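Input: a single structure, listed below in structure tokens.
Here the structure is a predicted model, which means the values were calculated and not measured. Throughout, a chain's letter reflects where its sequence line sits, starting with A, and its residues are numbered from 1.
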Amino acid sequence: MPGKLDDLKTLQKNLARQIKLAPLSHLPRLIGGADVSYIEPGYAIGAVVVYDLEKGKVIEETYAVEKVTFPYIPGFLSFREVPVLKKAFAKLKIKPEVLLVDGQGILHPRGLGLASHLGLELNIPTIGVAKKPLIGEFELPEDKPGAFCPIFINGQVKGVVLRTRKGVKPVFVSPGHLIDLESALKVVKASLSGYRIPEPLRKAHLLTQRLRGECRNNSGWGDRQ
DNA sequence: GCGACAG
DNA sequence: ATCTTGTCGC
């Protein structure tokens, strides 16, 4: 048997060829945030929020629950989280102009991190914002908000390590799809609100955690969808 | 072969 | 990601 992962690697490489990187025409006003959490008998909760930069608040949020069918394997996270995130995103009435995703974009062994794969499936601009590195060479930026250093893969800049606030670990930013690194960095910086994690993603994470807690008490998902 | 390894 | 309380520092 050739190995299932080898087939998926081929799939990732083919999908990666479809990734388009281009500057955004302007700074978006509606920025989305997508995150996933997990609950006991093998289920995933995917949440998406739409953050209005001008109002400085979330104007819509949706979520979905899906049975987890793929294990967590570094380099293959999208096969585990794209399904539930697509389902949650589909429920939005108002679509964000760009979506921040909890994970890598093109800063990936085969150029197809979660943000890239999801962007391709949704056909919208996406940006990968990860809390830890997966691949690439880089130096650490000084401990000052806004400071950043390029991340290289084979001599090519694929993303940046960004210091979002003083005294905390930096985050790893890379374009997912339909946006370039420069625009991605501008969007991320514009969506910071004093915390390490950009506001849209922070809110999506809080929602995901809140839903997980509500689920525990109801000893499952006996009610609602 | 060894170590690293998003969420 | 998840299992988990208090605690040290800005």
Side-chain angles (χ1 to χ4, degrees), chain A residues 5 8-9 12 15-16 19 33-48 63-89 99-121 126-138 143-145 151-154 158-177 181 184 188 194-198 200-217 220:
Chain A
L5 290 185
L8 292 180
K9 284 183 180 179
Q12 292 181 315
L15 288 174
I19 294 297
D35 188 35
V36 177
S37 70
Y38 297 86
I39 49 184
E40 280 329 285
Y43 283 86
I45 300 177
V48 177
Y63 71 88
V65 178
E66 274 280 330
K67 193 156 205 170
V68 178
T69 62
F70 201 88
Y72 168 67
I73 300 174
F76 301 86
L77 178 65
S78 66
F79 295 107
R80 180 178 169 83
E81 305 193 336
V82 161
V84 73
L85 288 178
K86 278 182 62 178
K87 189 175 179 180
F89 187 88
L99 181 65
L100 300 184
V101 184
D102 195 350
Q104 311 290 347
I106 61 170
L107 196 53
H108 176 280
R110 291 163 292 285
L112 195 80
L114 174 60
S116 296
H117 197 161
L118 186 60
L120 218 44
E121 296 277 320
T126 57
I127 299 171
V129 180
K131 298 180 289 299
K132 293 188 292 187
L134 173 62
I135 189 178
E137 307 177 329
F138 59 86
D143 190 16
K144 178 182 179 181
I151 299 178
F152 302 87
I153 290 183
N154 297 317
K158 297 296 185 180
V160 301
V161 198
L162 173 67
R163 190 75 67 178
T164 53
R165 66 162 289 180
K166 189 184 187 316
V168 301
K169 293 184 295 183
V171 296
F172 303 77
V173 180
S174 62
H177 183 44
L181 179 56
V188 171
Y195 293 92
R196 176 164 90 115
I197 305 302
L201 269 184
R202 200 177 75 85
K203 284 296 176 43
H205 185 260
L206 289 175
L207 174 56
T208 219
Q209 292 303 305
R210 180 162 60 73
L211 291 171
R212 186 166 66 82
E214 294 177 3
C215 185
R216 282 184 167 179
N217 300 317

Assess whether a salt bridge exists between A:Lys203 and A:Asp35, defined as any Lys/Arg side-chain N lying under 4.0 Å from an Asp/Glu carboxylate O.
no

Ring centres within less than 5.5 Å and planes less than 30° apart: is that true of A:Tyr72 and B:dG7 in this structure?
yes

Are A:Leu100 and A:Val188 close enough, and set up right, to give a side chain to side chain contact (heavy atoms under 4.5 Å, CB included), and what steps lead you there?
CA-CA 8 Å; A:Leu100 300 184; A:Val188 171; 4.3 Å; yes

Quick one: A:Glu137 CD to B:dC5 P, roughly how many Å, whole number?
14 Å

Need one value for A:Gly75: base, sugar-phosphate or nothing, where a base atom within 4.0 Å counts as base even if backbone is also close, heavy atoms only.
base

Less than 4.0 angstrom between a side-chain N/O of A:Lys131 and OP1 or OP2 of C:dA1, yes or no?
yes

Consider only side-chain N and O atoms of A:Tyr63 and A:Arg210, and report whether a donor and an acceptor are under 3.5 Å apart.
no

Scan A:Lys166 against the nucleic acid and name what it touches under 4.0 Å (heavy atoms): base, sugar-phosphate only, or nothing.
nothing

Whole angstrom value for the distance that separates P of B:dA6 from CG of A:Asp102
12 Å

The side chain of A:Leu134 lies closest to which of these nucleotides: B:dG7, B:dA6, C:dT2?
B:dA6

Over all heavy atoms of both residues, which pair between A:Thr208 and A:Ile45 is shortest? Give the atoms and the distance, please.
OG1-O, 3.4 Å

Counting only side-chain nitrogens and oxygens, does A:Gln209 get under 4.0 Å of the OP1 or OP2 atom of C:dA1?
no

Among B:dG7, B:dC5, C:dT2, the nucleotide that comes nearest once only the side chain of A:Arg212 is considered:
C:dT2

For the pair made of CD1 in A:Ile39 and P in C:dA1, what is the distance, rounded to whole Å?
15 Å

With distance as the sole criterion, is a donor-acceptor pair present between the side chains of A:Tyr72 and A:Glu81 under 3.5 Å?
no

Rounded distance in Å - CG (A:Leu162) to P (B:dA6):
19 Å

A:Phe79 near the nucleic acid: base, sugar-phosphate alone, or nothing, with a heavy-atom cut-off under 4.0 Å?
nothing

So what does A:Gly113 touch, heavy atoms closer than 4.0 Å: a base, only the sugar-phosphate, or nothing?
base

From C-beta outward on A:Arg80, which listed nucleotide comes closest to its side chain: B:dG7, C:dT2, B:dA6?
B:dG7

Within this structure, what is the CZ-to-P distance between A:Phe70 and B:dG7, rounded to whole angstrom?
17 Å

